[in-house]
Amino acid sequence: MPGNLYNICSNLPATPTRLERLLRDRELRKYSKCLNDCEAELPSSTQDCFSPDLESSTCWFNDEELLEPVSASRSLNDDGERLDFRASKQRLLVVANRLPVSAVRHGEDSWQLEMSVGGLVTALLGVKEFDTRWIGWAGVNVPDEIGQKALAKALDEKRCIPVFLDEEVVHQYYNGYCNNILWPLFHYIGLPQEDRLATTRSFQSQFDAYKKANQLFADVVNEHYEEGDVVWCHDYHLMFLPKCLKERNSKMKVGWFLHTPFPSSEIHRMLPSRLELLRSVLAADLVGFHTYDYARHFVSACTRILGLEGTPEGVEDQGKLTRIAAFPVGIDSERFIKALELPEVQDHMKVLKQRFAGRKVMLGVDRLDMIKGIPQKILAFEKFLEENPNWRNKVVLLQIAVPTRTDVPEYQKLTSQVHEIVGRINGRFGSLTAVPIHHLDRSLDFHELCALYAVTDVALVTSLRDGMNLVSYEYVACQESKKGVLILSEFAGAAQSLGAGAILVNPWNVTEVASSIGYALNMPADEREKRHHHNFKHVISHTAQEWAATFVSELNVTIVEAQLRTRQIPPPLPIEVAVDRYSCSNNRLLILGFNATLTEPVDTLGRKDSQINEWEPKLRPDLQEPLRKLCDDPKTTVLILSGSARNVLDDNFSDYNLWLAAENGMFLRVTTGDWMTTMPENLSMEWVDSVKNVFEYFTDRTPRSQFEVRETSLIWNYKYSDVEFGRLQARDLLQHLWTGPISNASLDVVQGRRSVEVRSVAVTKGAAIDRILGEIVHNKGMKEPIDYVLCIGHFLTKDEDIYTFFEPELPSEVPASNKSYSIDGDTLHLMVTDRISFQEGSSVLDLQANDYFSCSVARKRSNSRYRLQSSDEVVTLLRELADHR
Ligand SMILES: O=P(O)(O)OC[C@H]1O[C@H](O[C@H]2O[C@H](CO)[C@@H](O)[C@H](O)[C@H]2O)[C@H](O)[C@@H](O)[C@@H]1O
Ligand SMILES: O=c1ccn([C@@H]2O[C@H](COP(=O)(O)OP(=O)(O)O)[C@@H](O)[C@H]2O)c(=O)[nH]1
């Protein structure tokens, strides 16, 4: 096919690929870190030569006062290329339900800030590379203005910005929709029974509050947003936020990261608001998950529930690609390693060692949440003690159970359940002076926690599902000298990164966990060392800093890629201009496709039951009137050029005064006359039987797929089948066709979005058009050359040779809007002018570039000059034309 503007753009050798950009970014990060490390080691006079004014006084949190300087710096130009990566810091707005601090009120305008607990806070505190502001809920109701102002001021010092939510919203949004619906569902616990008597517990009212809360977050973001900022939304609380933000400002760079698992699409589809939530998340530019499994579940939910196209790069919806990828979070490992040297941590360690001298200590650290599998852990420990009497006085389990979401009834029930089990086991195996389980219903401060991590022999993580589980990372970071063993649930995201060094267990299998406890306690030193080494290497190299930098870098690259992709999409048809040129011309030709051009757009989902009716395409009722007017205009010739069979076109257009070209132009008829064939003479159809055999086989084995035998082609269509299965079957079918019975025939195997078509090589719309034009000119007895051509259709790439027939090369400047319209006035260079000429030899086409409009309908990429979004826009266009005779 002759060159065209869009293909040329995408093939430019100078344009780096996404991976090249990401690799370059990574190199720059490494280099920048290296320079920073060197600076730290050099005497201050030497440091001056490294751009001394780079380090700003911007603060972020550290261990105690949560304050730490921001270091590295980077910036991008408009094309997303690095300029001077040390010249300025990229502004990052982190938006999460929870701020890293929770506020406690001490007076009308006095607030105390305490560090919040949870993996999300730990992970984000490690983010130091950016000029960051954190937007979130301070975890407290502040109804009065004085209190709000004072709190905002106190938080400002920590670079935090509060979102104020009133009690009712918190109750319905946070306790209700987030923690009673999304949280259990995303962790495979299922949905609670909807309480129809209590309006405050209905899904709908909770979802309404959820949307309202997300909008409040969006308002605060908008208030603080500056052009160029990266906005990074976090977690299941804010799935509606990307949509709210993009609706207001489509240029905003928006990323969304989920800290929990994303469940299989079979679980997600249980959610009454499943569609809305997926669609709003897809408004983001980049969507991230901890593991490849969660990412793959999300893509599968989008394909199976929304019917969108899932590609290895992400999810595509009407040309907009949302990139989906895995970004496993890490911790600020250095913070833990360094803390072990602190005197207060050493003191705690000494006390703990004395307290548990002579006994092995096993550690559990979890929020008291049903997903953490605390009852299962304790029951496994009981089984271990039961089966190993020799260990009864020699091992103790320290379980830190941090109270969480205490207003949610399920969490209250869990607390009593755990207390009951612990009490029973301690009664069974304890003595007057010692108990086997030390259970603490409270959080520890950072130093106490580090000391515990460092002195214990085994960490036991038995989450039933867990997005990542940072406790396991923290334990490893603090075990460099002791080399303790990590027993880790295979259902925690961390199992995918620390899997090889940990003992992986299925927490539901109490027997397995009990025997793993025995294995860990008896593990020889060299095995412990090997396992620990593997884990430690991972934890110190996959840090929270790396996680955030990789995410933001990928977000920047995604935006650049999206811009490049947008440039490959033809601009919208300037309807006013097309109409204007139409009214100035005297002999016009309108070439219209049929399927998806003049028919209603087919919603592949939600209307599966009506597939029988939809199999036969129907002209849109709202097109009947404008089409009739156009056909009756003596200055206009209308040609329907379709892949459909003759009878389909007859059924729809017999009443109109127009030309029908069926089977990609192989049959032609003016509606007042008979069908004639325009097929090339030597077109062989000997292959039909063998292909039909293959199609029958695949139709039998692919529920809801169909195949159609036309006179010049065969089509197998799976648009109503299960998308993924259909695609797999199509792959198999194609492979068979290419290598099987027809491999030597002169055929084209054309792959559609959800179809496979086989036809002879010469059967394309572009190949047929000169014969068709010749026939029309002759039949109509045309004397004047055609001076206006509008060619629109939802054509397969193969059939887009119709566009290149009229215009072998696209003009270098295609006007994007009505106002700036000006293509040079040259006559188009036609490939076949000589073959279709009047008797005296002059061309039947006298077409100025300004009077030719090629336009694809509902196609993301095309060789056409312009595009129309859908057949709705075709209606608008044809109505306008019909009104301009
Ligand atoms: O804010 P809360 O309702 O008190 O809950 C605390 C946090 O719990 C969840 O943490 C998750 O994020 C961790 C870091 O990515 C991950 O390791 C862990 O597996 C997840 O459970 C929740 O996703 C956060 O939003 C909460 O703040
Ligand atoms: O008394 C405690 C217990 C735990 N944590 C922190 O809470 C986080 C728990 O994160 P994880 O990813 O394991 O699970 P999540 O609670 O986020 O589900 C870890 O960083 C712990 O250091 C804490 O600060 N104090």
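Both counts, for ligands and for their atoms, begin at 1 and track the order of listing. Small disclaimer: the values here were computed from a predicted structure and weren't measured.
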Checklist line | Residue part near ligand 1, for His234, under 4.0 Å between non-hydrogen atoms | finding: neither
Next item on the list: Number the atoms of ligand 2 from 1 as they appear, then name those within less than 4.0 Å of a heavy atom of Arg367, with their elements.
Entry: 15 (P), 16 (O), 18 (O)
Notebook entry, point to check: Is there at least one pair of N or O atoms, one from Tyr174 and one from ligand 1, spaced under 3.5 Å apart?
Noted result: yes
Next item on the list: Check Glu474 against ligand 2 and report side chain, backbone, both or neither, counting heavy atoms closer than 4.0 Å.
Entry: side chain
Checklist line | Contact (N/O only, under 3.5 Å) between Val471 and ligand 2 | finding: yes
Next item on the list: Return the option from Met468, Arg405, Arg465, Arg98 holding the heavy atom at the smallest distance from atom 7 (C) of ligand 1.
Entry: Arg405
Next item on the list: Mind checking whether Val365 contacts ligand 2 via backbone (N, CA, C, O), side chain (CB onward), both or neither, at a 4.0 Å heavy-atom cut-off?
Entry: side chain
Item checked: Nearest-option assignment for atom 24 (C) of ligand 1, heavy atoms, candidates Asp235, Val121, Leu258 -> Asp235
Note to self: Please list, in number order, the atoms of ligand 2 under 4.0 Å from a heavy atom of Val402.
What the structure shows: 1 (O), 2 (C), 3 (C)
Notebook entry, point to check: Where the side chain of Lys377 meets the backbone of Leu460, is there a donor-acceptor pair that is under 3.5 Å apart?
Noted result: yes
Checklist line | Proximity to ligand 1 by part of Asp466, non-hydrogen separation under 4.0 Å | finding: both
Notebook entry, point to check: How are the rings of Trp256 and Phe298 set relative to one another: parallel (under 30°), tilted (30 to 60°) or perpendicular (over 60°)?
Noted result: tilted
Note to self: Parallel, tilted or perpendicular: which one describes the rings of Phe207 and Phe240, with boundaries at 30° and 60°?
What the structure shows: perpendicular
Check: Can you say whether the rings of Phe186 and His268 are parallel (under 30°), tilted (30 to 60°) or perpendicular (over 60°)?
Finding: tilted
Checklist line | NZ/NE/NH1/NH2 to OD/OE distance under 4.0 Å, Lys212 and Glu168 | finding: no
Notebook entry, point to check: Tyr475 side chain to Thr456 main-chain N or O, any donor-acceptor pair under 3.5 Å?
Noted result: yes
Item checked: For Thr260, atoms of ligand 1 separated by under 4.0 Å from a heavy atom -> 23 (O)
Next item on the list: Give the ring-plane orientation class for Tyr236 versus Trp183, where under 30° counts as parallel, over 60° as perpendicular and anything between as tilted.
Entry: tilted
Margin query: If you take the nearest heavy atom of each of Met468, Lys372, His259, which one is closest to atom 15 (P) of ligand 2?
Written below: Lys372
Next item on the list: Starting from the C-alpha separation in whole Å, work towards a yes-or-no answer on salt bridge (charged side-chain N to carboxylate O under 4.0 Å, His left out) for Asp229 and Arg133.
Entry: CA-CA 10 Å; Asp229 286 358; Arg133 274 150 196 79; over 6 Å; no
Next item on the list: Examine Gly467 against ligand 1 and note whether any of their N/O atoms are separated by less than 3.5 Å.
Entry: yes
Item checked: Contact atoms of ligand 1, heavy-atom distance to Thr404 under 4.0 Å -> 4 (O)
Check: How are the rings of Phe257 and His234 set relative to one another: parallel (under 30°), tilted (30 to 60°) or perpendicular (over 60°)?
Finding: tilted
Checklist line | Structural part of Asn469 in contact with ligand 2, heavy atom criterion under 4.0 angstrom | finding: both
Check: With atoms numbered from 1 as shown, which atoms in ligand 1 lie under 4.0 angstrom from a non-hydrogen atom of Trp183?
Finding: 9 (C), 21 (O), 22 (C), 23 (O)
Margin query: When you compare ligand 1 with Asn469, is there at least one nitrogen or oxygen pair between them that comes in under 3.5 angstrom?
Written below: yes
Item checked: Region of Val121 engaging ligand 2 - heavy atom pairs below 4.0 Å -> neither
Item checked: side-chain hydrogen bond (donor to acceptor under 3.5 Å, both in side chains) assessment of Ser333 paired with Thr543 -> CA-CA 7 Å; Ser333 47; Thr543 59; over 6 Å; no
Note to self: One residue to check: Phe186. Relative to ligand 1, which of side chain, backbone, both or neither has a non-hydrogen atom less than 4.0 Å away?
What the structure shows: neither
Item checked: Any N/O pair Arg442/ligand 2 closer than 3.5 Å -> no
Next item on the list: Apply the test side-chain contact (heavy atoms from CB on, under 4.5 Å) to residues Lys353 and Lys350: give CA-CA distance (whole Å), side-chain angles for both, the deciding distance (0.1 Å), then the verdict.
Entry: CA-CA 5 Å; Lys353 279 181 188 160; Lys350 208 182 285 164; 5.9 Å; no
Next item on the list: Could you pull out, from Lys372, His259, His290, Arg367, the option with a heavy atom nearest to atom 20 (C) of ligand 1?
Entry: His259
Next item on the list: Would you please classify the geometry between the Phe336 ring and the Tyr453 ring as parallel, tilted or perpendicular, with 30° and 60° separating the classes?
Entry: tilted
Notebook entry, point to check: Counting heavy atoms only, which of Asp332, Thr404, Ile400, Leu444 is nearest atom 25 (N) of ligand 2?
Noted result: Leu444
Note to self: For the aromatic rings, using the six-membered ring if either is Trp, is the centroid distance between Tyr294 and Phe289 under 6.0 Å?
What the structure shows: no
